[in-house]
Peer 1: 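Here it is, the structure in full.
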Amino acid sequence: MSYNHIDIEKKWRDFWEKNETFKTDVWDFSKPKFYALDMFPYPSGVGLHAGHPEGYTATDIVSRMKKMQGYNVLHPMGFDSFGLPAEQYAINTGNHPAGFTKKNIEYFKNQLMMLGLSYDWSKEISTSDESFYKWTQWIFKKLYEDGLAKRVDMPVNWCEELGTVLANDEVIDGKSERGGYPVVRKNMKQWVIDIPKYAERLLANLDNLDWPESTKEIQRNWIGKSVGAHVRFKVDKHDESFVVFTTRCDTLFGATYCVLAPEHVLVKKIMSEEQKDSVLAYIENCSKKSDMERTELNKEKTGVFTGAYAINPVNNKLIPIWISDYVLSTYGTGAIMAVPAHDERDWDFAKKFNLPIIEVVAGGNVQEEAYTNTATGKLVNSDFLNGLEVADAKEKIIEFLSEKGIGEKKVNFKLRDWVFSRQRYWGEPIPLVKCEKCGFVPLEDKDLPLELPEVDSYMPTDNGESPLAAMTDWVNTTCPCCGGPAKRETDTMPQWAGSSWYYLRYTDPHNTEALASKEALKYWLPVDWYNGGMEHTTLHLLYSRFWHKFLYDNGIVPTKEPYQKRTSHGMILGENGEKMSKSRGNVVNPDDIVTTYGADTLRTYEMFIGAFDLSASWSEDGVKGCRRFLERVWKLQELVTEEEGYSKELETKMHQTIKKVSSDFENLKYNTAIAAMMALINDFYKRGSVTKGELKTLIVLLNPVAPHITEEMWQKLGFEGRIYETTWPEYEEAKTVESTIEIAVQINGKTKGTIMIGKDDPKDDVIAKAKEAVADKLTPNIIKEIYVPGRIVNIVCR
RNA sequence: GGCCUUGUGGUGAAAUUGGUAGACGCGCUGGACUCAAAAUCCAGUGGUAGCAAUACCGUGUCGGUUCGAGUCCGACCAGGGCCACCA
């Protein structure tokens, strides 16, 4: 009766599939629900890597436990199937990416099934399916109708030789990754989504989520709220003005110059004849630099005087206007007032170009040594602000500026518009047409989905448009509004689009009338637990929270937030402690482990390897250890006695183990849950027998981790029905406490011995016993006796 | 440079959240079984000293709070991650 994982796992895998064991009735609202979601994978050609099973097993464990605890559990899986690798494949081979994608999905799905994951495959989705992206397009249309999707001129990476726009990671050192051609920054029309409009809510609602504090903090930093003011400066001798954003409006008297971003629209209007050449040369130079270069070369400030002067609105002094790339066109207003006395960057710049430095918050040697970063202090050299504390000065100056109509309080966010168009083929077509008369007009709902047409070439066109632009038959259409001639938008959506709302679709994946029915959404939202990789903690979560809030505002979803609890599993590193990669030669293929040791062993191992949210190195010996554990569980069948309940001597241990395993599963502490089960079977072996009742409890507790072997044992031991139909073991709190316990006796905080006590022994008895136990080490002068019930006795003496 | 995170035996890691540091696994050592090996089972396993009971030391470093600190506070050191001229 040896443990043959290959036959056992195949038997139950086939059984579960055939019987649709894990199919969820999403309309059964009679039970409490639990929605356990995994970040769906991109179906790359290489299949699952060793890291995938970690997160998937974790959510699977909780899903299986919750089912046995009486919840209606939704545990679906799907594929984020639009994206670049399939596009590259299409470009390289000339084949349609759909076939390639379909093949990869099949491969992935097969691998996932081999792991014994309890997914409800009847709810599988794929973002590149028409029936799915119909609703992605529908949401985009709504965003457009509500004015949140806009077309704006914005700087992009443009490569003249390749004739295309490139993403940031396709540009290396200012040159195209492919070919090494120069890339410049150029303004082009792009579709963007106005996510900053939701910045305040995206920030505020983080507080109530059950997310790791570090994840929330990353989101907060990304949103980057800062409270400051707008101040308007007039330009001397020109009928022009510009606005700066500052968080330190109290230092306005210390502003000795202004700086505009090189791209600022005013620059070319106000530059003087003498400065014109150098200004234009500087702008030209900047446009050649990639973002990387602009930020990496931050050692030395560069800049050029425009020849124009601004008027400081508080004292009417003329201050020079410079341009420099240390001012970003994309943040704030693209213009700053420079206060070198109290800002590091301004100080560096002023020193380099010999600009005056005026201290306005007392303390420090700002002329010679360094700027002072003064969050508190008293104002000087500031006329009516003199003597005020920084905080008071801020209020007073804002009052002053508001009254004069030259400034106001202003909140700024780092969060920028979400660039939403891609000049690519393998993405959702944007469902708009451009009509000469009506402008951009969305398609009618009945015309969705707008399907991706077949194209002749998957390469972008010569002028940086998507391959769709070459399909004139498809592009030329009629306006849904006036019926006149119109052209389709040829950009597609980014890969973020489908993943921003896919979790909604699982609740009702075959709905043709809506993205999901209201009743289903009302019952299933929010997702109770969402696990995914660390790499998605910023953008994906932000984008999908934003879409969710937008849908909430439109009455489509019933909750303000999509994911109540979010976790991220750690990475699984190679045996040498480095990230797994082909080039390092340390890749572990989960298929091999499943074949050699079994899916149950792999699942157990990945859960036992360490803390769930920390990275861990692979260890083949560790895998063997987990296999040995399952073998020992299997062999318990030879030690089983006919006794149904728990034996007297292990009763407490049984109740403790149920308690620990249940709460550890809930709290993602899989490693210690498994350790507790190992300890339990060690006790069975020590005794040489196990009762039927004890073994029954053990295999139910172990079932979420190792579903195949426990299902087989359940059947072999002759228990009723299937293990997945049983209920989760319960424990009695009173029975988890030992009647006699060993506690430590300390003298002055150092452990000197132990005593056995009854759990309800009175304090005086315990202390007396403790003193007896360490009598030879006590000194006569006892100052204090401390008894922490059930824990420790500490005797303080001199 | 900013923010986050981690630092515990030979090794992966535990520690009821301030109460016997090292559970559980791996490895190693010794033993049983075997002609032998593998597998399996049993025992041991933080360091130093000792035949031993035992004693002292021990959670990155230095200080602090406390009857008591791996856990709390302050400073520092090292590894990992994210952001990075954000006015």
Peer 1: It should be established whether A:Arg220 places a side-chain nitrogen or oxygen under 4.0 Å from OP1 or OP2 of nucleotide B:C82.
Peer 2: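 False: A:Arg220 side-chain N/O out of range (4.0 Å or more) of B:C82 OP1/OP2.
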
Peer 1: Atom CZ of A:Arg632 and atom C1' of B:U40: how far apart are they, to the nearest Å?
Peer 2: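 Whole-Å distance recorded here is 10 Å.
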
Peer 1: Base, backbone or nothing for each nucleotide of nucleotides 13-22 of chain B, written B, S, -, heavy atoms under 4.0 angstrom, 5' to 3'?
Peer 2: SSSB--BBS-

Peer 1: Hey, where does RNA chain B pair up into stems, meaning at least three consecutive Watson-Crick or G-U pairs with distances under 3.5 Å?
Peer 2: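 Stems for RNA chain B, defined as runs of 3 or more consecutive pairs: B:1-7 with B:77-83, B:10-12 with B:24-26, B:27-32 with B:40-45, B:46-49 with B:54-57, B:60-64 with B:72-76.
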
Peer 1: Give one of base, sugar-phosphate or nothing for A:Asn412, where a contact means two heavy atoms less than 4.0 Å apart.
Peer 2: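 Contact class for A:Asn412: none.
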
Peer 1: Looking at A:Glu631 and A:Arg627, is there a salt bridge between them, counting it only when a charged N and a carboxylate O are closer than 4.0 Å?
Peer 2: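 Yes, A:Arg627 and A:Glu631 are salt-bridged.
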
Peer 1: For A:Lys410, report the nucleic acid contact type (base, sugar-phosphate, nothing); a contact means any heavy atom under 4.0 Å.
Peer 2: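 Contact class for A:Lys410: none.
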
Peer 1: Between the side chains of A:Ser226 and A:Tyr331, does any donor sit under 3.5 Å from an acceptor?
Peer 2: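 Distance-only check passes for A:Ser226 and A:Tyr331.
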
Peer 1: Could you work out which one of B:C85, B:G25, B:A87 sits closest to the side chain of A:Met678?
Peer 2: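 Closest of the options to the side chain of A:Met678: B:G25.
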
Peer 1: Counting any heavy atom closer than 4.0 Å, what does A:Gly332 reach on the DNA or RNA strands: base, sugar-phosphate only, or nothing?
Peer 2: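 It contacts nothing in the nucleic acid.
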
Peer 1: Of the listed nucleotides (B:A87, B:G27, B:C4), which one gets closest to any side-chain atom of A:Val327?
Peer 2: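 The listed nucleotide nearest to A:Val327's side chain is B:A87.
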
Peer 1: Over how many whole Å does the gap from A:Ile223 atom CD1 to B:C3 atom P extend?
Peer 2: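 The distance from CD1 of A:Ile223 to P of B:C3 comes to 19 Å, rounded to the nearest Å.
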
